[in-house]
Each structure stands twice: as structure tokens, then as C-alpha cells.
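Everything below concerns the one structure shown next.
So that the names make sense, note that chain A is the first sequence line, chain B the second, and so on, each numbered from 1. In this text the structure is predicted, and so the values were computed from the model without any measurement.
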Amino acid sequence: MPELPEVETTVKGLQKVLNRIFVYVWTDSPKLIKKPGFNQFEKEIKNKKIKRIWRRGENIIFELSDGYSLLVHQKLTGHFLIGNWELKTESWEPLKTGALGERVNHYIHLMFRLDNGLMLALSDLRKFAKAELWKTESLVEELSSLGPEPLEKEFTFNKFKEIVKNRKIKIKQILMDQKLIAGIGNIYSDEILWRAKIHPFESGAELSEKELRDIYKYIKPVLNQAIKLKGTSVSDYRDIKGEEGQFKKLIKVYQKENEKCSRCGTKIKRKKMGGRSAHFCPTCQK
DNA sequence: TGCAGTGTTGCTTC
DNA sequence: CGAAGCAACACTGC
């Protein structure tokens, strides 16, 4: 599910577990806990208080007491749910209700019981999501290898130009590379480039100053608008209340192969780029 | 029925 | 060094 707007939406929803304490953790896929092993994870996270919940790129970070931080990356289909359902002695009884009903239950692979009785659950159809428990200090250092946050003031046009210029890789790949710019993925790179009228296969080094300005001009507005609409729902993505994101109404090219470009009527094309799909209008994106 | 495609990342290979 | 391919997994849709 997640690119910056979806993760931002999730982080906002998660604020309601601020100051809560982890009292119990359950998983049916210990493999999703990458650091440390599950047993140690369980031992260390117990009784830690959630002091701050924030986002860096597509990563969700729960800053905990005693100098620990829990990092969750939702990858393709992960999403958090908060509920007040009960824990039975023998088995967990996750959501009886909810946007996707029983379907959701089946995909919950990690659950935390909080000190006020609420459950914090991670649902993840494809099981690509990861959770890691770090010492906050080393996590901060780790995260510093990510590119700048595109919505921060410091992400100026000059900064953007510096990142793109002289890079021979395709502009869409530059936008999606988390080490260059953090938080933009397949959907929003397609959407930004359509608005800027730039072909996704254009190499960064070959873009003119004007073209760079056109791209830059749309990065923040597209992301901000998507945040306002709580992101884009593709298949299983839901916000923390189980609601779908509404940005899909404003999607112009992503997954719209063979539909007409709303600007010029040409059929939208899909073309492979390194195992992913790029969607674009072959007429207005040059 | 089978296979290509799906929001991401990270490893291996050339 | 870069780029490409593929694997992690489960499901949908043509």
C-alpha cells in the first residue's frame, strides 16, 4: 500500500495510541520481525511506552521509552488497525467487524495488546512488511541514509536539481529511489510526471532546467493533495479506521492503461521499467 | 487453467 | 560502479 501519503495518513491515525504501553505481543509469522529475533523482540518491547509516532519516508517509527524505537515498513500490503476486541485465553479473536470483515482477520500477522486494553494490529496480505526494534540512536543514524523528505521546507528546487542533475538513470527511477528522495513510489511518480508532462523514461541528466522546474512544481502539491484525501487505495489498503483513500479519484495515469488521457485523449500506455510498470501519456509526456 | 501483474525492498549476478 | 533480474508472498483478473 504505502507511499508517503498513505504512511502519513496511517501515522496520523496511530496517534491515538500515543503514551500507551505495550503489554503483550503476538505473531503468527515471526519472520516479519527482522530485528532482533522474535523472542528477544517480545522480551524487549514489553512494558515500553510509546512516546512519539512519526514517519520517515515510508517508514513508521514508534519511539519508545528507554531509548528504543520500533520501526515498521508496510511494504506492499501492510496496514495498521486499532481495535478494542478481546484476547481470548486460547486464541486471538481479531476483528469481528471492520471494512473487510473476516478477510482482515485472516491477514493480521502481528498484534500488540496495549495497557488500556486496545489492540494494535498489523494486517498484511502478502507478508512483506517488516518490524524491527532498534536502539533509537542507531535507528536515527540508519534513517539518515534516506533522501530528503519532499514535503519539508529544506526540499527546495535547488536541492531537487542537485539530486537529479548528472544522473543517467530515468527520471521515474530517480523519483522512486528512497536514497535520493524519500517517500515517492510507483503511483505518485507516475502522477507527478503526467502533471509535469515529462516522459518517465527520460534520463535525469538530459532534463532541462525548465523541465526540472515543471517536475518540482508538482511534487509537493500532488503529495499534499493525496494526504488530504488519505492516500490511494489499491486493493487492500485502508486507513486505520478501515476506510479507503480517496486520491484514486484524481489519478490520471496509474493503472489506466488504454484509457484516454484526460488532457489529450491519447490512450495511456504502460511500459515496464525495471520490473515495475510506468504509466504515461505518449502524446503529452515528452 | 495458467500466467502476468500488484503499493517495496534488497540480494545476487553480470 | 550500475543496472537488471528475481525473490519474499498471496491473491486477482484476463
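- Per the geometry, NZ belonging to K127(A) stands 11 Å off C1' belonging to dA8(C), to the nearest Å.
- For R270(A), the side-chain atoms get nearest to dG5(B) when compared with the rest of dG5(B), dT8(B), dG2(C).
- On the C1' atoms, dC1(C) is 23 Å away from dT8(B), given to the nearest whole Å.
- Cluster note: L139(A) groups with W54(A), I61(A), L71(A), W134(A), L143(A), L146(A) through ILVMFWY side-chain heavy atoms spaced under 4.5 Å, whether in direct contact or through intervening members.
- Atom-to-atom, CE of M273(A) to C1' of dT8(B) comes out at 16 Å; the value is rounded to the nearest Å.
- Within a 6.0 Å radius of CD in E141(A), no more than 12 heavy atoms belonging to other residues, nucleotides or ligands are found.
- As judged by a 4.0 angstrom heavy-atom cut-off over every strand, K34(A) is placed among residues making no nucleic acid contact.
- When heavy atoms are screened at a 4.0 angstrom cut-off, G275(A) is found touching no nucleic acid atom at all.
- Evaluation of the side chain to side chain donor-acceptor pair (under 3.5 Å) test over residues 156-168 of chain A, restricted to residues two or more places apart or in two chains, returns K161(A)-E209(A).
- One C1' atom belongs to dG2(C), the other to dG7(B), and the distance between them is 25 Å to the nearest Å.
- Taking atom P in both dC11(B) and dC9(C), the straight-line distance is 15 Å, to the nearest Å.
- The phosphate of dG5(B) (OP1 or OP2) has no side-chain N or O of S277(A) nearer than 4.0 angstrom.
- Distance from the side chain of Q255(A) is smallest to dG7(B) among dA3(C), dG7(B), dC9(C).
- Less than 6.0 angstrom separates the ring centroid of F247(A) from the ring centroid of Y188(A).
- Within the 6.0 Å centre-distance limit, the rings of F62(A) and F80(A) are counted as a close aromatic pair.
- Atom CZ in R126(A) sits about 12 Å away from atom C1' in dA4(B), given to the nearest Å.
- Across all strands shown, R167(A) has no heavy atoms under 4.0 Å from either base or sugar-phosphate atoms.
- Minimum atom distance to the side chain of F128(A) is reached by dC9(C), of the listed dC11(C), dG7(B), dC9(C).
- Straight-line distance from the CZ atom of F201(A) to the P atom of dA3(C): 14 Å, rounded to whole Å.
- dT6(B) sits 23 Å from dA3(C) when the C1' atoms are compared, rounded to a whole Å.
- DNA chain C contains the following stems of three or more consecutive Watson-Crick or G-U pairs, with both distances under 3.5 Å: B:2-6 with C:10-14, B:8-14 with C:2-8.
- In this structure F201(A) satisfies the ring-ring contact (aromatic ring centres under 6.0 Å, His included) test together with H199(A), sequence neighbours excluded.
- Residues T232(A) and E6(A) have side chains in contact (heavy-atom distance under 4.5 Å, counting atoms from C-beta outward).
- If you take CG of L71(A) and C1' of dT8(B), they are 13 Å apart, rounded to a whole angstrom.
- Remark: C1' of dA10(C) and CG of D28(A) are 14 Å apart, rounded to the nearest angstrom.
- In this structure, a donor-acceptor pair under 3.5 Å is present between the side chains of S277(A) and R270(A).
- Results of the side-chain hydrogen bond (donor to acceptor under 3.5 Å, both in side chains) test with Q40(A) over E42(A), E44(A), K43(A) single out E44(A) as the only residue that passes.
- Using a 4.0 Å heavy-atom criterion, one finds that Y254(A) contacts the sugar-phosphate atoms exclusively.
- Atom CG in D177(A) sits about 15 Å away from atom C1' in dA4(C), given to the nearest Å.
- Atom CD1 of I108(A) is separated from atom P of dA10(C) by 16 Å (rounded to the nearest Å).
- Under the rule for a salt bridge (charged side-chain N to carboxylate O under 4.0 Å, His left out), E211(A) has no partner lying at least two apart in sequence or in another chain.
- Regarding contacts with the backbone of dA3(C), every side-chain N or O of K170(A) stays at 4.0 angstrom or more from both OP1 and OP2.
- Y107(A) has a side-chain polar atom (N or O) that falls below the 4.0 Å cut-off from OP1 or OP2 of dC11(C).
- Nearest approach of L81(A) to S123(A), heavy atoms of both residues: CD1-CB, 4.1 Å.
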Under 3.5 Å between N/O atoms: give me all the protein pairs with nucleotides 9-14 of chain B, atom names plus distance.
from   : atom 1 : to     : atom 2 : distance (Å)
dT9(B) : OP1    : E58(A) : OE1    : 2.8
dT9(B) : OP1    : H73(A) : NE2    : 3.3

